[in-house]
Amino acid sequence: MKIQFYNSLTNQHEQFTPLEPGKVSMYSCGPTVYDFAHIGNFRSFLFGDLLRRFFELTDHEVHHVMNITDVGHMVEGESDKMMEAANRVKVNKKSGRVPEGAIENPEDPYQIAEFYTQAFLEDARRLGYKVAYEYPQNVPKATHHVEGANGMIGMIQKLLERGHAYVADDGVVYYSVESFPGYGQLSGNSLEKIQSNAGGRVSEANQSQKKHPGDFMLWKPDQHHIMKWDSPWGVGYPGWHIECSVMARSIIGRDVIDIHTGGEDLIFPHHECEIAQSCGATGEDRFANFWIHARFLFVENEKMSKSLGNFYTARDVFDGKVKVTDENTGELMEMGRSVHPAVLRFELIKSHYRTNMNFTAKGLIDSAQTIDRMVEFRRTLESKIEDDGGQAEVDLSHPVLGEFTAMLADDLNVSGALGVMLPWIKGDHPDPQLSLAVLKKMNSVLSVAPINEGIANAAEEVESESDAAEFEQAQQWANEMDTARQDKDWPTSDAFRDKIHAAGFEVQQTPEGSKIKRKLSV
RNA sequence: GGCGUCGUAGCCAAGUGGCUAAGGCAGCGGAUUGCAAAUCCGCCAUCGCGGGUUCGACUCCCGCCGACGCCUCCA
C-alpha cells in the first residue's frame, strides 16, 4: 500500500517510507501546562493520534512521544507564563474550575504545572489520545530533561563546541542561525527575508546582543526566575525550542526520526529552531523526514479567542458550555448539555488535518448522530454473535477495510474513509462476526465506538458507570411505558417518554419492547 | 513586504481531464407508528469569477476576487 503525506518540509505530498522497515518514530509537540488544554490544542494532538493509529492499523510498530512543556517562558520583562498562570489559578479557584486544595501554593510553578499536567492527561485519555496512556515513559516533562549530558545543557554545550552557538555579552547563550545553512528550509524563510520583529513581538533590548536578528535563545542566566537550574553559563533557564530537540532524541533514541507533528503555528520559529538545534548537535542533515502540521481550528467561523467568548477547553465542551444562538431570542447561550468525549473526538478528527476546520454546535450534533449510528451498529452485531463465538480474523485484504485504509494512507483522508465506512454500515451484514472484526479494525483508528478501542485497561477510566443507577431508572420507566402502551393508555405512555428524555436518554420501540440508550450529545 | 494553504449543494466534506461529481447532516415525499422516535425506500449540486490549453476541464495553465495561517507568546 502506498502511504503518502503532505510534508511541510518540501511542501508536497511524498511517499512515506520508514527509516526502519515496519517501525515508525513520531514526536508531537505537546501542551504547555499553564492552563487547561483547549479544543484547538486537541485538534492538533488528535491528528497526531490518528496518524499513530493509522500506522498501527497498517502493522507498524510505533514509538510515539509527546512532551509536556512545564517550564515557564519569558514573555516580557519580569512576566512569565507560569506567573500569569498563578494569577489565573487564583481566579479559577474562586470560580471552582480549579478545585479547592488542588494547588496549595499558586506561587509555586511546579505545583501549577503538575496540576495542569494531570488535568491534561485526564482530558487526553477521555478523548482517546493513546500516548497519554503512556505517561510518563513516552510523555516526558521538559523540567526532567534540563540537566545532564543528554539534557538541554548537554545539547547546548555540544552546539557551542560545534560552533553553532555563542555566549553574548549579556551572558545569554544564543544559537547562531548563520552557522546553519539549512535554517529556513522548513518555513520557506531565508535569513535575508526574515524581517526582524515583523510580528512586532520582540523587545529591542533582547535584539541588541545578537549577532543576527534571527538568533534565538538557548540559555538565559537569571537568578530571579523561579524555575532555575545551574549551568556552565550561570543559574538560569533554557530557551523554549531546545526541549523538543532534546526529548525527541533522548526518548526515541535516534538522531533522525520519521515524523514530527504539531500545529501549523509551530512551523516558525519553533520547528525551524528544532531542526537547527538537532542537526547542529548531531551533524545529520535532517531531524525528521516528515514534518506534518495541522491547521488551526475555528469556532463558529471565527478564530478562537477568549475575547470573542468562543474559547473552549475540552472540559468546557464535555460540560456543555458550548454556546449556541438561541433561535427565539438570537442571543448566545450555553448548550447546557453534556457532550460525550467520543463526540468531541470525532468532531475534531473528521475533517482533514490540513484544512481550517470550523467547530460548531451543529457540527457536534452531527457528530453525535454519526457516532450514535456506529455504536448502535456495533451493539447490533454483538447481539447477533453467540457467546464465546470466537474472534473472526480480518486483515487489509478485506475489500471494505482495505479501501478504508487506502483512504487514510492518502494523506490521512478521514472523510474519504468515512465515505467507505458509513455506507458499509448501512448495508447487509450476513456474517456479523466478520463485520464486527472489520468494525473493530476501523475503530482502532477512529476510536469513537467505543473511544478506548485498542487501549488496554482504559475502559474503566473512560466510561464511568457510576450512573448505572440512572440507567436502571430509565429502563424502569421504559418498562412502565410498555405496560401503559399495552393498555393503550397513551397519555401515561407519553409522560414516561418525556421523563426518559428529560433524564438524557432515548427510547426506542423494538419487537422486544421499549429500549433505552443514553444520548451521546444531547 | 516575504512564505504558505484554500474557495465543491442550506451545513460538513471527498473526488476525477471524458462513465450517473463519494459520504454524512439538515430538508422534502413515502413506508412504518396510537402519535412520535428509530429504521427502511425515494428526491435533493455542474464544482468562486474571467480567460487559455484540449476533441473534451470542476479537475492543467494564467489573471482576478475572496478567505485563512506564519514571519520570534500561541496547537
Side-chain angles (χ1 to χ4, degrees), chain A residues 6 8 11 28-32 34 37-48 73-76 79-81 84 177 184 186-190 192-203 206-207 210 213-217 239-241 261-273 293-298 301 303-305 347 350-360 362-363 365-370 372-373 376 407 410 413-426 484-485 488-491 493-494 497 500-501 506-510 514-515 517:
Chain A
Y6 185 89
S8 303
N11 285 326
S28 299
C29 281
T32 308
Y34 45 55
H38 57 70
I39 55 176
N41 298 129
F42 278 112
R43 198 248 173 139
S44 166
F45 299 147
L46 291 179
F47 136 73
H73 295 302
M74 283 298 288
V75 178
E76 261 178 20
S79 175
D80 172 286
K81 286 280 188 191
E84 291 176 15
V177 293
L186 177 66
S187 59
N189 288 321
S190 65
E192 301 78 56
K193 284 178 184 163
I194 295 173
Q195 290 185 23
S196 178
N197 196 24
R201 299 182 191 165
V202 189
S203 70
N206 284 343
Q207 285 297 73
K210 296 181 186 177
D215 291 351
F216 55 92
M217 194 247 280
W240 172 41
H241 311 303
T261 71
E264 60 170 334
D265 57 321
L266 295 181
I267 292 173
F268 193 90
H270 186 54
H271 290 163
E272 195 72 67
C273 294
H293 293 97
R295 296 213 59 181
F296 260 68
L297 166 139
F298 280 64
N301 286 312
K303 189 168 176 176
M304 183 167 70
S305 74
E347 177 67 9
K350 74 180 179 186
S351 45
H352 191 89
Y353 70 90
R354 224 152 22 72
T355 61
N356 272 337
M357 79 154 288
N358 190 22
F359 179 90
T360 61
K362 185 178 184 305
I365 293 165
D366 283 5
S367 290
Q369 295 258 24
T370 305
D372 221 31
R373 174 173 293 199
E376 196 56 32
M407 285 294 177
D410 182 11
N413 185 351
V414 179
S415 299
L418 290 171
V420 174
M421 180 183 187
L422 294 170
W424 169 74
I425 287 180
K426 245 182 169 174
R485 292 183 75 238
K488 298 199 190 300
D489 179 358
W490 309 130
S493 169
D494 290 350
R497 182 158 65 199
I500 292 167
H501 284 175
E506 312 237 17
V507 58
Q508 287 181 5
Q509 306 305 327
T510 71
S514 297
K515 283 191 175 174
K517 67 176 183 179

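Every chain is numbered from 1 and lettered A, B, ... according to where its sequence line falls, protein lines coming before strand lines. All values derive from a computational prediction rather than experimental measurement.
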Nucleotide of [options] approaching [X] most closely (side-chain heavy atoms):
X: A/Asp410; options: B/A14, B/G15, B/G24; answer: B/G15
X: A/Asp366; options: B/G23, B/C25, B/U5; answer: B/C25
X: A/Arg497; options: B/G23, B/G10, B/A36; answer: B/A36
X: A/Lys362; options: B/C71, B/C11, B/U5; answer: B/C11
X: A/Gln369; options: B/A26, B/A37, B/G69; answer: B/A26
X: A/Thr355; options: B/C12, B/G34, B/A13; answer: B/A13
X: A/His352; options: B/C25, B/G69, B/A14; answer: B/A14
X: A/Lys350; options: B/C12, B/A13, B/A75; answer: B/C12
X: A/Lys426; options: B/G34, B/G24, B/A37; answer: B/G24
X: A/Trp490; options: B/G34, B/C6, B/G23; answer: B/G34

At 4.0 Å (heavy atoms only), tell me whether [X] reaches a base, stays on the sugar-phosphate, or touches nothing.
X: A/Ile267; value: nothing
X: A/Glu376; value: nothing
X: A/Gly40; value: base
X: A/Ser187; value: sugar-phosphate
X: A/Phe45; value: nothing
X: A/Asn413; value: sugar-phosphate

Counting only Watson-Crick or G-U wobble pairs whose two distances fall under 3.5 Å, which nucleotide matches [N]?
N: B/C47; value: none
N: B/U54; value: none
N: B/G10; value: B/C25
N: B/C3; value: B/G69
N: B/C40; value: B/G30
N: B/C19; value: none

Say we look at [N] and [M]: how far apart would their [atom1] atoms be, to the nearest angstrom?
N: B/C25; M: B/C43; atom1: P; answer: 16 Å
N: B/G10; M: B/G1; atom1: C1'; answer: 40 Å
N: B/G34; M: B/C28; atom1: P; answer: 23 Å
N: B/G48; M: B/A9; atom1: P; answer: 8 Å
N: B/A21; M: B/C47; atom1: C1'; answer: 8 Å
N: B/U46; M: B/A22; atom1: P; answer: 13 Å
N: B/C19; M: B/G51; atom1: P; answer: 23 Å
N: B/C60; M: B/A67; atom1: C1'; answer: 24 Å

Does [Y] offer a backbone N or O that forms a donor-acceptor pair with the side chain of [X] under 3.5 Å?
X: A/Arg43; Y: A/Arg295; value: yes
X: A/Asn41; Y: A/His38; value: yes
X: A/Ser367; Y: A/Gly363; value: yes

May I ask you to test the [X]-[Y] pair for a side-chain heavy-atom distance under 4.5 Å?
X: A/His501; Y: A/Val507; result: yes
X: A/Phe296; Y: A/Met357; result: no
X: A/Lys350; Y: A/Thr370; result: no

Starting at [atom1] of [X] and ending at [atom2] of [N], how long is that distance when rounded to a whole Å?
X: A/Met357; N: B/C25; atom1: CE; atom2: P; value: 17 Å
X: A/Glu347; N: B/C25; atom1: CD; atom2: P; value: 14 Å
X: A/Leu186; N: B/C71; atom1: CG; atom2: P; value: 13 Å
X: A/Asn11; N: B/C3; atom1: CG; atom2: P; value: 12 Å
X: A/Phe216; N: B/C73; atom1: CZ; atom2: C1'; value: 16 Å
X: A/Glu506; N: B/U39; atom1: CD; atom2: C1'; value: 13 Å
X: A/Asn356; N: B/G4; atom1: CG; atom2: P; value: 18 Å
X: A/Arg485; N: B/A38; atom1: CZ; atom2: C1'; value: 12 Å

Find which nucleotide of RNA chain B each of A/Ser351 and A/Lys488 is nearest to by heavy atoms, and output the residue with the more 5' nucleotide.
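The answer here is A/Ser351.
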First of A/Pro31 and A/Val420 reached from the 5' end of RNA chain B, by closest nucleotide
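Closest to the 5' end, via its nearest nucleotide, is A/Val420.
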On the side chain of [X], is there an atom forming a donor-acceptor pair with the base of [N] - under 3.5 Å, no angle test?
X: A/Arg373; N: B/C25; result: no
X: A/Ser493; N: B/G34; result: yes
X: A/Asp494; N: B/G34; result: yes
X: A/Arg295; N: B/A75; result: no

Over all heavy atoms of both residues, which pair between A/Gly262 and A/His271 is shortest? Give the atoms and the distance, please.
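Between these two residues, the closest heavy atoms are CA-CE1, 4.0 Å.
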Taking all non-hydrogen atoms of both residues, which atom of A/Gly263 and which atom of A/His293 are closest, and how far apart?
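Of all heavy-atom pairs spanning A/Gly263 and A/His293, the closest is O-CD2, 3.5 Å.
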Do any side-chain nitrogens or oxygens of A/Tyr6 fall under 4.0 Å of OP1 or OP2 in B/U5?
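Affirmative; the distance criterion is met.
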Is there a side-chain contact between A/Thr360 and the phosphate of B/C11, meaning an N or O under 4.0 Å from OP1 or OP2?
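No.
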Hey, which of A/His270, A/Glu272, A/Glu264 is the one that makes side chain to side chain contact (heavy atoms under 4.5 Å, CB included) with A/Phe268?
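Among the candidates, only A/Glu272 passes.
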